[in-house]
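This report refers to the structure that appears directly beneath it.
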Amino acid sequence: MAAPKVAVVGAGVIGLSTALCITETCPSCSVTVLSDQFSPNTTSDVAAGMLIPHTYPGTPIHVQKQWFKETFTYLFAISNSAEASEAGIHLVSGWQVFKNTPKEELPFWSDVVLGFRPMSEAELQKFPQHRFGQAFTTLKCDCPPYLLWLEKRLKATGVQMYTRKVADLWELHSEYNVVVNCAGIGAHQLVGDEKLFPIRGQVLKVHAPWVKNFIRDGDGLTYIYPGIHRVTLGGTREKGNWSLSPDPGTTKDIFDRCCSLEPSLRGAQDIQVKVGLRPTRRCVRLQREVLSQGGVKLLVVHNYGHGSGGFSVHRGTAKEAAHLVGECTAALQGSSSRAKL
Ligand code: FAD
């Protein structure tokens with residue numbers, strides 16, 4: 001059989017990292033990325049890109065931990081290389097603070113991030129409204145540079161990338177042997193997934209270079225995440241809201257909440273407002289599917305529905321999706337050699 005042709009639909013962090021893992025695990029595959037939007041116009045560009053996992057209620061914790069660990073290890077190596085600044089990957093230390101002590105004092109990811117420990121009394125004095133806190137060091141992706149870095153690596157390995165909206169996966173049947181669906185919230189329409197819904201997030205990207213440590217309220221709603229050039233202030237979590245228009249009232253609310261955690265932010269400059277739709281499900285849809293139409297089959301691998309934690313687990317889920325693509329190409333090779341007999 002000739003080199004298997006694989007189409008990856010979607011060019012957010014999930015599509016690009018999945019395409020990269022496919023080139024690594026299946027070098028004989030010819031990989032093409034098809035997407036209606038590329039960076040800087042994806043949800044992935046809006047994200048803060050912090051490696052602090054979100055919990056998927058429908059996925060076993062040990063699986064989520066494995067995805068996070070693989071992603072952390074991969075990005076930690078980049079952060080320690082000469083590629084770090086181009087890829088926008090850096091270590092960042094800070095605090096997660098709680099008004100009341102949480103039921104679970106040790107989150108499942110506490111031994112993956114670095115130096116996880118309870119905050120000292122002296123540290124807690126900075127947050128008079130909070131009673132408990134955790135200090136740790138994690139990684140942060142500056143999202144647009146990281147997406148461009150992934151695109152550059154894909155181009156260097158010969159991956160083709162085309163701007164194209166796919167209305168139906170069957171469009172790709174005559175040209176490709178395997179189709180990988182990494183359409184994020186677009187999968188709601190593309191494959192009619194009613195279990196997938198948006199959680200709207202509005203954030204501010206500001207210039208405040210003196211802010212060096214992250215601060216996250218344990219409720220997950222208010223956060224301050226310093227990047228290489230700008231600080232992300234968040235946020236909102238609006239379930240079922242499809243609006244991509246920034247709301248000025250929300251902007252003021254986010255700014256005030258962040259200033260109550262870090263009063264020096266009152267001096268922040270050049271406030272830009274961004275909105276993104278987190279592609280949310282009870283669990284990431286990471287599975288093979290064989291579509292069938294009039295006796296014709298189309299091999300599909302789904303990898304979407306990463307909700308609030310796509311950056312935190314992207315490499316782990318991309319590796320798993322690439323493994324499923326490998327199973328599809330092995331099945332194709334098996335059936336083509338049987339056909340020759
Ligand atoms: P997307 O980035 O939306 O990419 C989907 C791609 O598919 C796009 O290129 C789109 O154009 C394409 N597409 C869709 N439909 C079609 C179609 N029919 N035909 C062709 N192409 C199609 N996660 C973290 O881990 N840490 C964080 O700190 C963090 N902060 C966040 C803050 C905010 C405000 C938001 C909104 C999200 C945040 N997230 C964070 C979550 C993270 O952004 C997502 O989980 C992740 O970006 C999902 O990536 P994706 O590639 O699946 O989706």
Side-chain angles (χ1 to χ4, degrees), residues 7-19 33-54 56 64 67-68 71-72 75 92 109 138-144 146-147 150-151 161-169 171-172 179-193 196 198-205 214 216 220-221 223-225 227 232-238 241 244 246 250 254 273-281 284-286 302-318 321:
V8 176
V9 180
V13 69
I14 302 303
L16 297 178
S17 57
T18 301
V33 176
L34 304 170
S35 190
D36 62 346
Q37 299 290 342
F38 284 81
S39 183
N41 300 317
T42 69
T43 305
S44 300
D45 287 281
V46 174
M50 280 291 279
L51 265 73
I52 300 181
H54 147 91
Y56 303 101
Q64 302 186 44
W67 292 342
F68 180 55
T71 307
F72 197 94
L75 294 180
V92 56
W109 42 266
T138 188
L139 288 152
K140 183 180 177 311
C141 306
D142 273 16
C143 301
Y146 183 56
L147 296 173
L150 287 170
E151 282 186 21
M161 289 189 234
Y162 298 109
T163 301
R164 170 169 168 183
K165 183 169 173 81
V166 179
D168 186 328
L169 297 180
E171 280 173 25
L172 308 174
V179 175
V180 188
N181 171 14
C182 302
I185 196 65
H188 184 81
Q189 198 180 1
L190 182 60
V191 293
D193 185 345
L196 180 70
I199 294 189
R200 179 182 183 279
Q202 182 166 322
V203 287
L204 319 182
K205 309 258 175 176
F214 76 81
R216 179 179 199 265
L221 213 56
Y223 49 81
I224 298 163
Y225 292 149
T232 303
L233 310 185
T236 64
R237 299 180 54 79
E238 298 158 67
N241 185 340
L244 283 169
T250 306
I254 293 171
V273 187
K274 306 268 177 192
V275 176
L277 304 179
R278 302 174 178 94
T280 310
R281 285 176 111 248
V284 176
R285 186 169 183 203
L286 190 40
H302 298 284
N303 185 14
Y304 67 85
H306 295 71
S308 308
F311 276 87
S312 305
V313 295
H314 72 277
R315 179 73 187 184
T317 59

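Note that this is a predicted model, so its numbers are computed, not measured. First listed ligand is number 1; within each ligand, the first listed atom is number 1.
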| message | In the structure I gave you, are the side-chain heavy atoms of F72 and T138 within less than 4.5 Å of one another anywhere? | response | yes

| message | Taking side-chain hydrogen bond (donor to acceptor under 3.5 Å, both in side chains) as the cut-off, I'd like each qualifying pair that reaches into residues 179-191, sequence neighbours left out, listed once. | response | N181-H302

| note | Within the 4.0 Å heavy-atom cut-off, what A167 brings close to ligand 1 is neither

| query | Do any nitrogen or oxygen atoms of M50 come within less than 3.5 Å of a nitrogen or oxygen of ligand 1? | reply | yes

| message | Any atom of ligand 1 sitting under 4.0 Å from a heavy atom of G49? | response | yes

| query | Less than 3.5 Å between some nitrogen or oxygen of G10 and one of ligand 1, yes or no? | reply | no

| field | Heavy-atom proximity to atom 49 (O) of ligand 1, best of G310, A183, S44 | value | S44

| Where does P53 meet ligand 1, judged by heavy-atom distances below 4.0 Å: at the side chain, the backbone, both, or neither? | neither

| For atom 34 (C) of ligand 1, which of T236, T163, V203 has the closest heavy atom? | V203

| remark: The protein heavy atom nearest to atom 12 (C) of ligand 1 is S35 OG, 3.4 Å

| task | Using distance alone, decide if ligand 1 has a nitrogen or oxygen within less than 3.5 Å of any nitrogen or oxygen in T43. | result | yes

| Do side-chain atoms of T71 reach the backbone of G316 as a donor and acceptor pair under 3.5 angstrom? | yes

| said: Quick check: F311 and ligand 1, any N/O pair under 3.5 Å apart? | reply: yes

| task | For G309, counting its heavy atoms only, list the atoms of ligand 1 lying under 4.0 Å from any of them. | result | 23 (N), 24 (C), 25 (O)

| field | Side-chain heavy atoms of Y225 within contact of V92, under 4.5 Å | value | no

| Which atoms of ligand 1 sit under 4.0 Å from any heavy atom of K165? | 19 (N), 20 (C)

| request: Could you go through the side chain to side chain contact (heavy atoms under 4.5 Å, CB included) check for E151 and L16 one step at a time? | output: CA-CA 7 Å; E151 282 186 21; L16 297 178; 3.8 Å; yes

| message | List ligand 1 atoms under 4.0 Å from G186, heavy atoms only on the residue side. | response | 14 (C), 15 (N)

| field | N or O pair under 3.5 Å between L190 and ligand 1 | value | no

| request: Give yes or no for whether the N/O distance cutoff of 3.5 Å, strictly under, is met between D36 and ligand 1. | output: yes

| field | Nearest-neighbour protein heavy atom for atom 23 (N) of ligand 1, which is reported as residue plus atom name and distance | value | S308 O, 3.0 Å

| task | Mind checking ring-ring contact (aromatic ring centres under 6.0 Å, His included) for F38 and listing every partner two or more places apart, or none if nothing turns up? | result | none

| Under 3.5 Å between some N or O of ligand 1 and some N or O of Y225? | no

| query | Which residue supplies the protein heavy atom nearest to atom 44 (C) of ligand 1, what is that atom called, and how far is it? | reply | G307 O, 3.4 Å

| remark: A student comparing G276, S17, A47 should find that the heavy atom closest to atom 32 (C) of ligand 1 comes from A47

| said: Which residue and atom name correspond to the protein heavy atom nearest atom 53 (O) of ligand 1, and how close is it? | reply: G184 CA, 3.8 Å

| query | What protein heavy atom sits nearest atom 33 (C) of ligand 1, and how far away is it? | reply | R278 NH2, 3.8 Å

| query | Hey, is ligand 1 close enough to G201 that some N/O pair sits below 3.5 Å? | reply | no

| field | Test item, R164 contacting ligand 1 (heavy atom, 4.0 angstrom) | value | yes

| field | ligand 1 to Q202 polar contact by distance, N or O atoms, under 3.5 Å | value | no

| field | Identity and distance of the protein heavy atom lying nearest atom 50 (P) of ligand 1 | value | I14 CG1, 3.6 Å

| Under the side-chain hydrogen bond (donor to acceptor under 3.5 Å, both in side chains) criterion, do Y56 and R281 qualify, and how do the steps go? | CA-CA 8 Å; Y56 303 101; R281 285 176 111 248; over 6 Å; no

| message | Looking at ligand 1, would I185 count as a contact under a 4.0 Å heavy-atom criterion? | response | no

| task | Closest by any non-hydrogen atom to atom 19 (N) of ligand 1: pick that one out of V166, T42, V33. | result | V166

| Per-atom contacts of ligand 1 with V13, taking only distances under 4.0 Å to non-hydrogen atoms | 49 (O), 51 (O)

| query | So is A11 polar-close to ligand 1, meaning N/O to N/O under 3.5 Å? | reply | yes

| What class does the angle between the rings of F68 and W109 fall in, given that below 30° is parallel, 30 to 60° is tilted and above 60° is perpendicular? | perpendicular

| query | In terms of residue, atom name and distance, what is the protein heavy atom nearest to atom 30 (N) of ligand 1? | reply | A48 N, 3.2 Å

